[in-house]
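Everything below concerns the one structure shown next.
Fair warning: this is a prediction, and the values are worked out from it, not measured in the lab. This chain uses plain numbering: 1 for the first residue, then up along the sequence.
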Amino acid sequence: MQKYKTVVIGTGPSGLTSAIYLARANLNPLVIEGLQPGGQLTTTTEIENFPGFPDGIMGPELMDNMRKQAERFGAEFMNGWVDAVDFSQRPFKITVEGTGTIEADSVIISTGASARYLGIPGEQDNIGRGVSTCATCDGFFFRGKKLIVIGGGDSAMEEASFLTRFATEVTVVNRREELRASKIMQDRARENEKVSWALNRKPLEVVAGDTGLKGLKVFNNETGQEELLEADGVFVAIGHTPNTTFLQGHVELDGHGYVVVSPGTTETNIDGVFACGDVQDTKYRQAITAAGSGCQAAMDCEKYLEGSIVHDWSETLDR
C-alpha cells in the first residue's frame with residue numbers, strides 16, 4: 001500500500017494551486033484526478049477575468065499550464081475516481097477505483113461542485129457556444145444581445161440582474177408561475193426594466209443554427225402549445241451540486257452537501273483533512289477564489305504536518 005505525506009483529491013484551480021504550493025514545500029503531493037481532469041474550466045472557452053492574462057486565456061490551456069507547473073515542482077498525478085475514504089484514523093485511507101487503496105498523513109479535498117443542467121436536447125452540445133452556467137464568467141461576451149436565464153431561485157434572479165449590464169433584454173424562464181427566490185431578490189429583478197418574464201413554461205430544447213443559438217423551445221403550460229423564445233444566449237441557473245457523495249459520513253457536510261470548514265481556514269472537522277474551492281464555497285464560485293483557497297489549504301496542510309511530526313523513540317530504546 002503506497003503512502004504519501006499529502007494527497008489532493010480533485011483538480012481544477014483549487015486542487016492544482018494546492019499541488020503547486022505543496023510541491024514547492026517538498027511535500028511531494030499525490031493529486032488524484034477525477035473523471036474531468038482540470039474541473040469545470042476545461043469546458044470553458046475564453047477566460048478574461050483571471051489575473052495575469054490581459055488578452056484572456058482558454059480554460060483548458062489555463063488548467064494545463066497549472067498542471068505543468070505543479071509537475072515541475074514534483075507533484076505526482078494519478079487518474080482515477082475516489083469511491084471511498086476512511087478518515088477515522090491516521091494514516092487516512094483513500095480507495096481509488098481500479099487502482100486500490102493508498103494511505104496519506106493529510107488530505108486536501110478539492111472535488112468542486114457541478115453545475116446542474118436541465119438534460120434537454122441541444123444543451124450539452126452548445127456549452128461554450130451560447131449555453132452557460134456562469135453569468136459572471138460569460139456575461140461580457142453577450143454585449144447588446146438577447147439572453148435567457150432559466151431558473152426561479154435566488155441564483156437565477158442574481159444572474160438575470162447581472163446580465164442586464166450587458167444584454168439588451170433578459171428573459172427569465174421558469175417552469176412554474178411561482179418563483180422560489182427570496183422576496184428581495186424577486187423585487188430587484190422585477191424592478192429592472194430590462195428583465196422580462198416567461199413563467200409557467202417548461203424548457204424543451206436549446207435551438208441552434210449554423211451561425212449560433214436561435215433560442216429556447218418551451219412548452220407553455222397555460223396554452224398547451226410549444227413556443228420558441230428567441231435569444232442569443234441561454235444561462236442555466238438551477239444551482240450546483242457539490243461532488244461530495246463519497247464523503248458522506250466521513251466529514252461534516254452542510255444541508256446542501258458542501259464541506260463545512262472552520263471560518264477563515266480550510267480545516268474540516270477532521271484534523272489533517274482540508275477542503276478548498278467550490279466543494280466548500282457556496283457564495284463566490286470563481287476560478288480566482290478557488291485558486292486562493294487552494295493556496296490556503298496547502299499552507300494549512302503544511303502547518304498541520306509540521307505540528308504533527310512525532311519522533312519515534314522505539315528505535316532508540318531498542319538499541
Side-chain angles (χ1 to χ4, degrees), residues 40 44-50 56 115-118 120-123 126-209 211-240 281-289:
Q40 293 185 64
T44 304
T45 52
E46 192 171 12
I47 300 171
E48 292 194 327
N49 58 0
F50 199 93
R116 295 175 188 160
Y117 289 96
L118 296 161
I120 59 176
E123 183 181 42
N126 290 288
I127 293 175
R129 299 180 178 86
V131 173
S132 174
T133 58
C134 181
T136 309
C137 309
D138 300 327
F140 178 83
F141 300 108
F142 293 91
R143 285 187 178 276
K145 304 293 185 180
K146 293 178 62 176
L147 300 177
I148 286 174
V149 172
I150 302 174
D154 281 354
S155 295
M157 300 303 105
E158 186 174 0
E159 299 258 294
S161 297
F162 177 83
L163 289 169
T164 59
R165 301 181 187 183
F166 311 100
T168 57
E169 180 184 353
V170 177
T171 302
V172 176
V173 175
N174 190 46
R175 65 180 62 211
R176 300 180 182 86
E177 187 69 34
E178 303 80 17
L179 300 171
R180 293 183 294 104
S182 59
K183 185 178 185 303
I184 188 172
M185 294 300 293
Q186 289 191 46
D187 291 345
R188 188 175 300 169
R190 291 186 185 279
E191 291 168 3
N192 193 316
E193 60 183 16
K194 284 189 176 182
V195 176
S196 58
W197 305 86
L199 305 179
N200 211 11
R201 288 167 170 83
K202 179 182 178 181
L204 297 177
E205 179 184 358
V206 175
V207 181
T211 58
L213 236 61
K214 290 185 176 180
L216 179 71
K217 184 187 293 185
V218 299
F219 179 81
N220 188 319
N221 293 321
E222 295 178 355
T223 66
Q225 302 294 317
E226 292 184 2
E227 304 171 348
L228 178 64
L229 304 177
E230 295 183 358
D232 303 293
V234 173
F235 286 77
V236 182
I238 56 175
H240 290 74
D281 179 8
T282 62
K283 183 176 181 180
Y284 297 105
R285 293 193 293 264
Q286 297 298 301
I288 188 63
T289 54

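Atom NZ of K194 is surrounded by more than 12 heavy atoms from other residues, nucleotides or ligands within 6.0 Å. Residue-environment remark: CZ (R176) stays at or below the threshold of 12 foreign heavy atoms within 6.0 Å.
In summary, the side chains of N192 and S161 do not present any donor paired with an acceptor at a separation below 3.5 Å, with no hydrogens or angles considered. Inspection of the N220 and Q225 side chains reveals no N or O donor paired with an N or O acceptor under 3.5 Å.
The shortest heavy-atom contact between W197 and L179 is CZ3-CD1, 3.7 Å. When all heavy atoms of L213 and G130 are compared, the closest pair comes out as CD2-O, 3.5 Å. The two residues L228 and G215 make their nearest non-hydrogen contact at CD1-C, 4.0 Å. Across all their heavy atoms, S132 and C134 have their closest contact at OG-N, 3.0 Å. Contact detail for A189 and V195: the closest heavy-atom pair is O-CB, 3.6 Å.
At a threshold of 4.5 Å between non-hydrogen side-chain atoms, the residues F142 and T168 do not count as touching. For the pair D187 and K183, the minimum side-chain heavy-atom distance is below 4.5 Å. Inter-residue side-chain proximity for V170 and I148 is flagged as unmet; no heavy-atom pair is nearer than 4.5 Å. Looking only at side-chain heavy atoms (C-beta outward), R165 and F140 stay at 4.5 Å or farther from each other. In this structure, V207 and E230 have side chains that are not in contact, with every pair of non-hydrogen atoms separated by 4.5 Å or more. Residues Y117 and I127 have side chains in contact (heavy-atom distance under 4.5 Å, counting atoms from C-beta outward). With a 4.5 Å cut-off on side-chain heavy atoms, L163 and V149 count as touching.
Remark: E226 CD to E205 CD distance equals 9.0 Å, nearest 0.5 Å. Atom CE of M157 sits about 9.5 Å away from atom OG of S182, to the nearest 0.5 Å. The OG atom of S196 sits 11.5 Å away from the CZ atom of R190 when rounded to the nearest 0.5 Å. From K217, atom NZ reaches atom CG of L204 across 7.0 Å, with rounding to the nearest 0.5 Å. Rounding to the nearest 0.5 Å places CD of E169 at 10.5 Å from CG of D232. The distance from atom CZ of R201 to atom CD of E177, rounded to the nearest 0.5 Å, is 8.5 Å.
Remark: the backbone N or O of N221 is not paired with any side-chain donor or acceptor of N200 at under 3.5 angstrom. The closest donor-acceptor contact from the side chain of D281 to the backbone of R285 lies under 3.5 Å. At least one donor-acceptor pair closer than 3.5 Å links the side chain of E159 to the backbone N or O of A135. A distance-only check finds no donor-acceptor pair linking the side chain of D154 to the backbone of E158 [under 3.5 Å]. The backbone N or O of A181 sits less than 3.5 Å from a side-chain atom of Q186, completing a donor-acceptor pair.
The side chain to side chain contact (heavy atoms under 4.5 Å, CB included) check on L118 picks up I120, E123, I150, R175, P203, V236, I238, with sequence neighbours excluded.
The ring of F162 has its center no closer than 6.0 angstrom to the ring center of F235.
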After noting the C-alpha distance and the side-chain angles of F219 and E227, does the key distance pass the side-chain contact (heavy atoms from CB on, under 4.5 Å) rule? CA-CA 6 Å; F219 179 81; E227 304 171 348; over 6 Å; no

